[in-house]
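Here the structure is laid out as structure tokens; the discussion comes afterwards.
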Protein chains: 2
Amino acid sequence: MKRPTIADIARRAGVSKGAVSYALNGQPGVSDTTRRRILAIADEIGFSPSSAARALSGARARAVGLALCRPARTLGIEPFFMGLISGVEAELSARSYALTLQVVADPDAEIAVYRRWWGERRVDGVLLCDLRTDDRRVPVLEQLQLPAVVVGGPDGTGALPGVWSDEAAALAETVEYLVALGHRRVARVGGLPELQHTRVRTDAFRAVCARLGLDRGDTVTVPSDYTGEDGARATRRLLSAARRPTAVIYDNDVMAIAGLSVAQEMGLTVPGDLSVVAWDDSPLCRLVRPPLTALSRDIPAYGGQAARLLLDAVAGVRVAAVRTPTGHLTPRGSTAPPRTP
Amino acid sequence: MKRPTIADIARRAGVSKGAVSYALNGQPGVSDTTRRRILAIADEIGFSPSSAARALSGARARAVGLALCRPARTLGIEPFFMGLISGVEAELSARSYALTLQVVADPDAEIAVYRRWWGERRVDGVLLCDLRTDDRRVPVLEQLQLPAVVVGGPDGTGALPGVWSDEAAALAETVEYLVALGHRRVARVGGLPELQHTRVRTDAFRAVCARLGLDRGDTVTVPSDYTGEDGARATRRLLSAARRPTAVIYDNDVMAIAGLSVAQEMGLTVPGDLSVVAWDDSPLCRLVRPPLTALSRDIPAYGGQAARLLLDAVAGVRVAAVRTPTGHLTPRGSTAPPRTP
DNA sequence: CTGAAAGCGCTTACAG
DNA sequence: CTGAAAGCGCTTACAG
């Protein structure tokens with residue numbers, strides 16, 4: 001099939017190509033009757049403007065990029081990214097923007113992708129995920145002047161706007177809840193230490209534990225790579241210690257589920273012998289027994305907010321960081337007062 | 001920053017733009033020394049050809065499209081799609097192709113997306129997932145002559161090539177294994193009935209049960225929408241029946257995990273009172289207790305194969321359907337001989 | 001309000 | 001082996 005162009009429409013409408021372009025883009029310069037006639041013809045022949053031609057003549061590419069730099073095995077099972085993507089998508093398709101996705105192996109490859117996208121004019125802007133401490137991607141994007149929004153923040157984003165939530169507050173709420181239940185030995189299986197939000201959570205954890213008078217040796221954070229195996233390993237280590245924790249907070253849902261299994265395997269009952277908290281919440285947390293107490297956020301809404309901010313930045317609006325609602329604790333069956341042995 | 005163009009390179013190299021283009025694309029028409037000089041300059045100034053200009057001058061857009069039409073809540077938690085995407089990605093980025101992703105609400109929206117992509121020349125081809133019975137998307141893609149590869153088949157793909165595996169054989173292996181363990185009452189929680197592969201599996205299930213002499217009333221398939229809730233509901237119904245099954249095969253991992261929880265909740269032990277099999281396998285299956293016996297396939301490899309086939313089709317190669325390795329059963333702790341009450 | 005024209009940055013016949 | 005030129009399908013000043 002031959003693809004229709006504005007020349008086809010112009011011919012059928014008996015006007016110039018310029019007039020068609022104005023009519024299609026809602027610009028002034030055509031009479032209302034002409035505009036309606038042109039739109040009707042475009043609709044009839046199923047016209048969509050060539051994104052290449054459009055992009056080439058200085059307009060936008062109408063696509064934004066998302067490069068994901070986590071090992072594939074993590075990506076596949078963590079519901080977080082798919083939730084984020086579906087939220088981003090919903091916002092983008094409403095404005096008929098495309099999402100260009102690329103999975104990369106490491107930050108250097110990711111930087112190369114940004115440079116390439118920029119040179120190719122393939123995307124109008126990018127969403128930056130998994131912000132790191134001293135993130136080398138930030139200055140590159142600033143220098144390229146490629147519109148970008150960080151999914152995270154508010155610190156460490158340089159001049160880029162971030163969409164963030166108060167993770168320290170969410171963590172404090174969690175620890176306070178556990179302490180109110182009577183826990184004094186609370187451990188944490190954290191995410192990748194080089195990620196900014198891991199650091200925020202770890203610092204907040206230390207601070208709130210100190211504030212509540214918990215013993216520093218009883219409130220450790222074990223790093224992990226987010227995989228179930230690593231979560232299991234960390235849990236085994238924690239539960240084998242002489243003074244084992246009575247509650248563990250996991251930095252993702254998959255590790256929390258792995259930790260639950262390990263505890264049960266070691267003959268501990270949840271929540272009797274061990275309380276378990278997952279961050280973030282996901283349908284998986286409701287599937288296991290007992291269902292997991294979790295920190296819930298509306299992740300698609302979070303992605304939607306990021307997309308909206310990015311589209312504003314692309315449109316040339318000066319955007320500032322946006323704070324989204326703080327995650328809240330959803331208590332389920334995996335947390336209870338510790339059983340005193 | 002100003003983006004470099006071939007004109008910049010031509011000026012610095014003292015040649016015409018045409019020569020630069022030939023050199024960059026490995027075409028004959030430039031001497032080896034000139035080519036090397038041009039490539040060195042391109043590299044030095046960090047040149048990437050404008051994808052828009054390239055696409056406009058008749059070359060490829062160097063992007064393929066993937067429209068996903070499952071409700072967002074399912075997408076988020078099933079590891080299948082992320083596994084598929086990471087496999088597709090690996091193949092695409094090796095040839096510096098981009099992946100354009102779009103989440104759609106229903107098949108009509110998906111068809112509209114294909115028409116738009118085609119009109120926009122935004123993608124060179126598409127990957128069609130979740131093939132349906134009498135799939136209306138197939139004739140549309142054929143008519144548009146948009147290169148397309150079906151992730152599925154081999155039936156129902158029309159003239160489009162499919163990448164498929166022998167699901168009937170995999171299902172037969174599973175049922176034979178369960179029967180060999182001594183099971184006679186085997187139920188199945190199937191996927192969406194309108195999907196082609198659900199139908200293939202359901203037909204194969206009926207056939208192998210008949211062949212092995214199992215009672216038809218003892219070997220039912222209950223449809224589902226792939227969510228954990230639906231899997232739980234179906235399991236509850238199956239296990240409440242007078243003659244309850246001693247083994248259940250689930251059409252995805254999430255439902256299998258939900259089913260496991262329901263069984264345990266109802267006081268049944270797995271695998272003593274009930275054997276559980278998941279399809280496909282995923283890291284989640286190894287996280288729960290007992291770990292789930294599952295039908296394993298290399299899903300990233302499957303996606304990679306589909307991407308390769310599509311790129312061939314885009315390049316104008318006449319491609320035929322490709323059969324990938326049949327999934328194999330990975331026995332774990334969730335299956336055992338039935339305990340006779 | 002409308003038309004003719006230049007230009008975006010490539011690719012690719014077509015001459016030399 | 002190399003250069004000059006047309007053309008892809010739009011957008012957008014610039015004249016009428």
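Convention: sequence-line order gives letters A, B, ...; per-chain numbering from 1.
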- Dot-bracket line, read 5' to 3' along DNA chain D, where crossing pairs take [ ] and | marks a partner on another strand, Watson-Crick or G-U under 3.5 Å: |||.||||||||.|||
- Message: Exactly one of B/V150, B/L160, B/L128, B/D108 should register a side chain to side chain contact (heavy atoms under 4.5 Å, CB included) with B/R137. Which one does?
- Response: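 Among B/V150, B/L160, B/L128, B/D108, the one meeting side chain to side chain contact (heavy atoms under 4.5 Å, CB included) with B/R137 is B/L128.
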- Message: Tell me if a side-chain donor or acceptor on A/D124 pairs with a main-chain N or O of A/A61 at a distance below 3.5 Å.
- Response: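 Pair found, side chain donor or acceptor close to backbone of A/A61.
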- Query: Would you call A/R308 and A/D312 a salt bridge, using N to O less than 4.0 angstrom?
  - Reply: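 Not counted as a salt bridge, because no side-chain N and carboxylate O are separated by less than 4.0 Å.
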- Message: The criterion is side-chain hydrogen bond (donor to acceptor under 3.5 Å, both in side chains); which residues satisfy it with B/T34, sequence neighbours excluded?
- Response: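 B/T34 satisfies side-chain hydrogen bond (donor to acceptor under 3.5 Å, both in side chains) with B/S31 once adjacent residues are dropped.
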- Item | side-chain hydrogen bond (donor to acceptor under 3.5 Å, both in side chains) partners for B/S48, two or more places apart |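 So B/S48 forms no side-chain hydrogen bond (donor to acceptor under 3.5 Å, both in side chains) with any residue.
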- Query: If the sugar-phosphate is the primed atoms plus P, OP1 and OP2 and the base is the rest, what is the B/S/- string for nucleotides 8-16 of chain D, using protein heavy atoms under 4.0 Å?
  - Reply: BBBBBB---
- Just grab all the salt bridge (Lys or Arg N to Asp or Glu O under 4.0 Å) pairs involving residues 43-68 of chain B, residues at least two apart or on different chains.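 Qualifying pairs, neighbours excluded: B/R12-B/E44.
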- Query: What is the distance, rounded to the nearest whole Å, between atom CZ of A/R36 and atom P of C/dC1?
  - Reply: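 Roughly 13 Å, once rounded to whole Å.
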- Item | Which residues share a salt bridge (Lys or Arg N to Asp or Glu O under 4.0 Å) with B/R11, sequence neighbours left out |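 Per chain and number, B/R11 pairs via salt bridge (Lys or Arg N to Asp or Glu O under 4.0 Å) with B/D8.
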- Query: Do the side chains of B/W118 and B/Q143 get nearer than 4.5 Å, heavy atoms only?
  - Reply: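 The answer is no; the side chains never approach within 4.5 Å.
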